[in-house]
Number of protein chains: 2
Amino acid sequence: MNSNSREAILAAAKRAAQAHGYSGLNFRELAQTVGIKSASIYYHFPSKADLGAAVAKRYWEDTAAVLQDMLAETPDPLRCLRQYPDIFRRSLESENRLCLCSFMSAEYQDLPETVKKEVQTFADVNVAWLSRVLAAAATIGAGESEKRARAIFAAVAGAQLIARSRADIALYDEIIDSYRVAGLLTA
Amino acid sequence: MNSNSREAILAAAKRAAQAHGYSGLNFRELAQTVGIKSASIYYHFPSKADLGAAVAKRYWEDTAAVLQDMLAETPDPLRCLRQYPDIFRRSLESENRLCLCSFMSAEYQDLPETVKKEVQTFADVNVAWLSRVLAAAATIGAGESEKRARAIFAAVAGAQLIARSRADIALYDEIIDSYRVAGLLTA
DNA sequence: ACCTGAACACCGTTCAAGT
DNA sequence: ACCTGAACACCGTTCAAGT
């Protein structure tokens, strides 16, 4: 294969990890998807930990880009907030996949340090964005936006997790709607 | 070992699965904890799937008992609601463990059917209890209690997941508190 | 530079054999 | 009834060797 193997591995690993977690990453299967031998993966990533960290890093970078685009296209903070759960919905639409970092949060105790770090950054990116949007919306007290941001992030991740366990997107929509009714999403 | 091996295996497997998931259940390690050889586990549980299902079943049975006791000791529905998140808090207190069924929800795609069934029952037990307490509290519209129950269950599971990923119980408390402030827990 | 075959230790599982 | 040793196929990983 050519030097694009690295990108192909990253893409395949991302999809696999969203379905089976870090521990479920299977080098032989991954290699087969990419079209190389499992030993060849180690040329691009020195260890499973390195691959995991690279995948998680790419994951939050991609999410950060999506969030930035959303804010650029939809300057109205309230409408932005409304769209936030769509990001997690898209994973479920894609063969009932989970947020990579939710899966890795479950696997926390068995994660290499470098991977843990990227998982935390994913959370930080989401909370920072939500916090900023909440502050702009000014629907809750100043100084409360970061705390509320963490709550929204956790709640949306939980909704995705529970909906996945029944392979039921309608359940996800219902839970998100219920958050809105209760006032958690301040919409 | 004596015939209590079965119980010892169940107990050890429960703790291990809360930390490492179903896929992380390791028969050799499990056997060592119990004091028998890994092959002996198969005398009590014909397969890993059977062990997993038995563990998940016991898990929701225990939770159902705890919930029932709570309602018996604290007939006031509002106070009951207030105590609900303590159940998930206790897992975090116990070496940062996750709800077994949250972990298994993440692992959903790789779970044997018999295990999936028990995971769903865990969710059902929680939602039914919350729904009943919410209806008794009568703080939200009639007919809305089941929907709200699902939202609370998902949100609390999410809070536990996120707090685990930082090994930070204070974060759990903060998110739960934020749910209360927002009005999700109707307290 | 990029890839591979062969080998290692490890795991779920089976099964015949022990007491 | 309850447990074990030995064996099987499989997986993450390594590494010397290929082109």
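In what follows, chains are A, B, ... by sequence order, proteins preceding strands, each numbered from 1.
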In whole angstroms, the gap separating P of dT4(C) from CD1 of Ile36(A) amounts to 7 Å
For residues 145-167 of chain A, the ring-ring contact (aromatic ring centres under 6.0 Å, His included) pairs (sequence neighbours left out) are none
Glu144(B) meets the side-chain contact (heavy atoms from CB on, under 4.5 Å) criterion, sequence neighbours left out, with Ile140(B), Lys147(B)
> Given dT4(C), is OP1 or OP2 found less than 4.0 Å from the side-chain N or O atoms of Ser40(A)?
Replying inline: yes
Here the helical stems involving DNA chain C, each at least 3 consecutive Watson-Crick or G-U pairs closer than 3.5 Å, sorted by first residue number, are C:4-8 with D:12-16, C:12-16 with D:4-8
Phe45(B) atom CZ is separated from dC2(D) atom P, nearest whole Å, by 12 Å
Looking at His44(B), does any N or O in its side chain come under 4.0 Å of the phosphate oxygens OP1/OP2 on dA1(D)?
no
Between CD1 of Ile9(A) and P of dG12(D) the distance, given in whole Å, is 14 Å
Scanning both residues in full, the closest heavy-atom pair of Pro85(B) with Arg180(B) reads CG-NH2, 3.9 Å
When you check the phosphate oxygens OP1 and OP2 of dC3(C), does a side-chain N or O of Tyr43(A) lie under 4.0 Å from one of them?
no
- Query: Are Phe27(A) and Tyr42(A) close enough that their ring centres sit under 6.0 Å apart?
  - Reply: yes
From CD of Glu7(A) across to C1' of dC2(C) the rounded distance in Å is 16 Å
task = Establish, with yes or no, whether the OP1 or OP2 oxygen of dC3(C) is under 4.0 angstrom from a side-chain nitrogen or oxygen of Ser5(A).
result = yes
Item to complete: Tell me what Ile41(A) touches on the nucleic acid: a base, only sugar-phosphate, or nothing, going by heavy atoms under 4.0 Å.
Response: nothing
Lys37(B) has its side chain closest, among dG12(C), dC3(C), dT4(D), to dT4(D)
ring-ring contact (aromatic ring centres under 6.0 Å, His included) pairs touching residues 127-146 of chain A, sequence neighbours excluded, are Tyr84(A)-Trp129(A)
Across all chains, not counting sequence neighbours, the side-chain contact (heavy atoms from CB on, under 4.5 Å) partners of Ala167(B) are Tyr108(A), Asn96(B)
By side-chain contact (heavy atoms from CB on, under 4.5 Å), Glu95(B) pairs with (sequence neighbours left out) Arg15(B), Arg97(B)
Heavy-atom contacts, protein to nucleotides 13-19 of chain C, under 4.0 Å, summarised as B (base), S (sugar-phosphate only) or - (none) per nt, yield BBB----
Discussion item. Is Asn26(A) close enough to dG12(D) that one of its side-chain N or O atoms is under 4.0 Å from OP1 or OP2 there?
Written reply: yes
Sorted by chain and number, sequence neighbours left out, ring pair (Phe, Tyr, Trp, His ring centres under 6.0 Å) with Phe103(A) holds for none
Residues at least two apart in sequence or cross-chain that pass side-chain contact (heavy atoms from CB on, under 4.5 Å) with Asp86(A), listed by chain then number, are Gln83(A), Arg90(A)
Leu30(A) CG to dC11(D) C1', in whole Å, measures 13 Å
Separation of dC11(D) atom C1' from His20(A) atom NE2, nearest Å, is 15 Å
